[in-house]
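We name chains A, B, ... by the order of the sequence lines, and we start the count at 1 in each one.
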There are 2 protein chains.
Amino acid sequence: MKFDNDRIKIDGIDKKIIRYLMQDARKPILEIARKIGISGAAIHQRLRKLETSGLMSGSKFVINPKVLGYTTMAYIGIFLDKAMSNPKAVKELEKIPEVLECHYTTGNWSILIKVLCKDNEHLMHVLNKEIQQIQGVSRTETFISLNQQIDRQIQI
Amino acid sequence: MKFDNDRIKIDGIDKKIIRYLMQDARKPILEIARKIGISGAAIHQRLRKLETSGLMSGSKFVINPKVLGYTTMAYIGIFLDKAMSNPKAVKELEKIPEVLECHYTTGNWSILIKVLCKDNEHLMHVLNKEIQQIQGVSRTETFISLNQQIDRQIQI
DNA sequence: GTTGAAACACGGAACCC
DNA sequence: GGGTTCCGTGTTTCAAC
């Protein structure tokens, strides 16, 4: 990736704006303007600057998977055969909707993924019928998240 | 957590609305209305229903940590002494801003965390000077993410 | 940085099917 | 229950200062 600037100047006002929008992306800009004490147009200009700089890469509506019945989160370390081309495995993992994250990692495994399933049975299915079926996957290690205590973005 | 309904009915229109807002929380509702082909007020009503149901738990502005120089992501498995009360360790982890996620997990470790650092030196500091200093932490295993290939929410 | 103004979006009320 | 239109209020997004 390439950005306009690898060194972006962010002053205290920028930080305040970002902090407000990081916790609620739909917060009206005018409301933030009133709280900070500058005009809405000024915030608008700063936001445009932050967007073109690449720092703000968009906004997401966060949904609560528990309401949909997704209560079982797990991390799975995947061992791949040496012969297997890793990108091919990632392409297959991408097709599995339960896979939320996928990392190439140092250490024991080739790949570490995060999956979200409805229950243990669902997880079992994803493991045996989806992940283990991918060509090149030799072995997996599963760590079920019993309870997620922290979930946040980097602080500004 | 308790919700109005554990079984929420979500029809095709709801799904479309959610999908639009999941990729851009600031997308104007009227714009979505035009694309779907119903009135803005109808979308507004559906959104209120989805919000009270607990499914939409808010919106977040996503920032790109790379622009701030945070390029090293890692997962760290933490072994805790049996004597240690885990919640106390989590409280200490919460104070470390580089810690983005924290899970109690099944398997080898007591806790699995995700950290985001500027570089390996920074990660080293967090490991040795922050995490290892927490009372009850006996040993850690670190897996550096060389490349994150997938990062998404659950599909609707 | 500000103001001002036009265009637009939001969110309620009243209503229809 | 859903959907619609109408409308006052508030917000976004310009340009000009």
| field | Phosphate OP1/OP2 of D/dG3 contacted by B/R46 side-chain N/O (<4.0 Å) | value | yes
| request: Report yes if the distance between the aromatic ring centroids of A/Y75 and B/H103 is under 6.0 Å, otherwise no. | output: yes
| request: Taking only the side-chain nitrogens and oxygens of A/S39, find out if one of them lies under 4.0 Å from OP1 or OP2 of C/dT3. | output: no
| query | Any idea which of C/dA9, C/dG12, C/dT2 is nearest the B/P28 side chain? | reply | C/dA9
| request: Go through the N and O atoms of the side chain of A/Q45 and the base of C/dT2, and report whether any donor-acceptor pair is under 3.5 Å. | output: yes
| A/G37 or A/R26: which one's nearest nucleotide on DNA chain C is closer to the 5' end? | A/G37
| field | Interatomic distance where NZ belongs to A/K27 and C1' belongs to C/dA9 [whole Å] | value | 18 Å
| message | Under 4.0 Å between a side-chain nitrogen and a carboxylate oxygen: does that hold for A/E94 and A/K91? | response | no
| note | Closest to the side chain of A/H44, out of C/dC10, D/dT13, D/dT12, is D/dT13
| said: Just to be sure I understand the rule, does A/L30 reach a base, reach only the sugar-phosphate, or reach nothing, if contact means heavy atoms closer than 4.0 Å? | reply: base
| Rounded to the nearest Å, what distance is computed from the CD atom of residue B/E31 to the C1' atom of nucleotide C/dC8? | 11 Å
| note | From CD1 of B/I13 across to C1' of D/dT4 the rounded distance in Å is 13 Å
| field | Qualifying residue, where the test is side-chain contact (heavy atoms from CB on, under 4.5 Å) with A/V62 and the options are B/M22, B/M56, B/Q153 | value | B/Q153
